[in-house]
Visitor: 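Pasting a structure here, questions to come.
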Amino acid sequence: EKNMDFTGKWKFHSIGVFNDNDELVYLTAEGYLASPMPYIDETDKDAVAEEMKERKKIIGMQIKICDDGKMYMLMPLPEGVSKAEVDKAVAAGYFTLVDGMIADSPMQWELRDGELCYDTGIKGEIFDEEAQTWVKALDESGYFTFMNYRFIKE
């Protein structure tokens, strides 16, 4: 069955950022970690450390596509957080864990004309018409695209 090709884990491949010429360029994990931080004071060690923590979280992101039509965006647990703290946050309902990673509520996915599509759940109207919340997941190169992130099948 064709949809089996899509199920499983997709890991971070690259992030789209605008370069100095306002062109969208994609940076790999290594490139992203090494890229400049023009929007923070790079002489401020704490700000740089905080930004690196955020970047590491982003490059640790995964997407899990399940057989049951659910799709999860997974974030790595924050560095230096104990299991007890994680268990407490889960118990309080702040997030759930899927495969040991932080997960939001699942999104839905399905095949439409043989193409992987998912429901962004982002509500809104365009010209007084209810906006279509379903989008194609894969770009022309076969990357799973989510906002400005690209993922590849693990």
Visitor: Is a side-chain donor or acceptor of W109 paired with a backbone partner of C117 at a separation under 3.5 angstrom?
Guide: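 Absent.
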Visitor: Any side-chain heavy-atom pair from F6 and M71 closer than 4.5 angstrom?
Guide: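 No, their side chains stay 4.5 Å or more apart.
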Visitor: Distance-only, no hydrogens or angles: does the T96 side chain make a donor-acceptor pair with backbone N or O of I102 under 3.5 Å?
Guide: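 Judged by distance alone, no pair lies under 3.5 Å.
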Visitor: Answer whether the closest heavy-atom distance between the side chains of M52 and M37 falls below 4.5 Å.
Guide: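 SC-SC contact between M52 and M37 confirmed.
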Visitor: Do M75 and F95 belong together in a cluster built from hydrophobic side chains that touch within less than 4.5 Å?
Guide: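 Cluster IDs for M75 and F95 match.
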Visitor: Would you compute the distance between atom CZ of R112 and atom NZ of K136 and round it to the nearest 0.5 angstrom?
Guide: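 R112 atom CZ to K136 atom NZ measures 11.0 Å (nearest 0.5 Å).
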Visitor: How far does CG of N148 sit from OG of S14, to the nearest 0.5 angstrom?
Guide: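 N148 atom CG to S14 atom OG measures 9.5 Å (nearest 0.5 Å).
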Visitor: Do the side chains of M73 and I58 join up, straight or via other hydrophobic residues, at under 4.5 Å, putting them in one cluster?
Guide: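 Yes; I58 is reachable from M73 via cluster members.
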Visitor: Could you check if a side-chain atom of E110 sits within less than 4.5 angstrom of a side-chain atom of W134, using non-hydrogen atoms only?
Guide: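 The answer is yes; the side chains approach within 4.5 Å.
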Visitor: For F144, what residues pass the ring pair (Phe, Tyr, Trp, His ring centres under 6.0 Å) criterion, not counting sequence neighbours?
Guide: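 Ring pair (Phe, Tyr, Trp, His ring centres under 6.0 Å) check on F144 returns W10, Y118.
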Visitor: Taking the basic N atoms (NZ, or NE/NH1/NH2) and the acidic carboxylate oxygens, is any pair closer than 4.0 Å for E85 and K88?
Guide: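 No salt bridge links E85 with K88.
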Visitor: Keeping the roles fixed (side chain from E154, backbone from G8), state whether a donor-acceptor pair exists under 3.5 Å.
Guide: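 Flag not set: sc E154 to bb G8 has no pair under 3.5 Å.
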Visitor: Less than 4.5 Å apart, any side-chain heavy atom of K9 and any of D99?
Guide: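 Contact flag for K9/D99 side chains = yes.
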Visitor: How long is the gap from CD1 on I15 to CE on M147, to the nearest 0.5 Å?
Guide: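 Here the rounded value is 8.5 Å.
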Visitor: Please say whether more than 12 non-hydrogen atoms of neighbouring residues, nucleotides or ligands are located less than 6.0 Å from OH in Y39.
Guide: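 For Y39, atom OH is crowded (more than 12 foreign heavy atoms under 6.0 Å).
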Visitor: Can you establish whether the number of heavy atoms outside D113 located under 6.0 Å from its atom CG is more than 12?
Guide: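 Not buried by this count: 12 neighbours or fewer within 6.0 Å.
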Visitor: When hydrophobic residues are tied together by side-chain contacts of less than 4.5 Å, even through go-betweens, does V135 share a cluster with I63?
Guide: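 Hydrophobic grouping puts V135 with I63.
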Visitor: Would you indicate whether the side-chain heavy atoms of L97 and L77 approach each other to under 4.5 Å?
Guide: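 In short, these two side chains touch, coming nearer than 4.5 Å.
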Visitor: Answer yes or no: is there a donor N or O on one side and an acceptor on the other, between the side chain of R150 and the main chain of D139, under 3.5 Å?
Guide: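 Between the backbone of D139 and the side chain of R150 there is no qualifying donor-acceptor contact (under 3.5 Å).
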Visitor: Under a single-linkage definition using a 4.5 Å side-chain heavy-atom cutoff for Ile, Leu, Val, Met, Phe, Trp and Tyr, are Y149 and Y26 assigned to the same hydrophobic cluster?
Guide: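 No.
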Visitor: Strictly distance-based, threshold 3.5 Å: is any side-chain N or O of K153 a donor or acceptor partner for the main-chain N or O of T7?
Guide: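 Side chain of K153 to backbone of T7, a donor-acceptor pair under 3.5 Å: yes, one is there.
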Visitor: Would Y32 and F18 show up in the same hydrophobic cluster when neighbours are defined by side-chain heavy atoms closer than 4.5 Å?
Guide: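 Different clusters.
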Visitor: I want to check something: taking the side chain as every heavy atom from C-beta on, are K11 and I152 in contact at a cut-off of under 4.5 Å?
Guide: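 K11 vs I152: side chains touch.
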Visitor: With clusters built from Ile, Leu, Val, Met, Phe, Trp and Tyr whose side-chain heavy atoms come within less than 4.5 Å, directly or transitively, what are the remaining members of the cluster of L74, listed by chain and number?
Guide: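 For the cluster that includes L74, the remaining residues are Y72, V98, M101.
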Visitor: If you draw a 6.0 Å radius around CG in D20, do more than 12 non-hydrogen atoms from other residues or ligands fall strictly inside?
Guide: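 No, the 6.0 Å shell around CG holds no more than 12 heavy atoms from other groups.
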Visitor: Any side-chain heavy atom of T120 sitting closer than 4.5 Å to one from M107?
Guide: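 A side-chain contact is absent here, since even the closest heavy-atom pair is not under 4.5 Å.
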Visitor: What distance separates D46 CG from D44 CG, expressed to the nearest 0.5 Å?
Guide: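 Rounded to the nearest 0.5 Å, the CG-CG separation comes out at 5.5 Å.
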Visitor: What I'd like to find out is whether the side chain of P76 reaches to under 4.5 Å of the side chain of K56, using heavy atoms alone.
Guide: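 Sidechains of K56 and P76: no contact.
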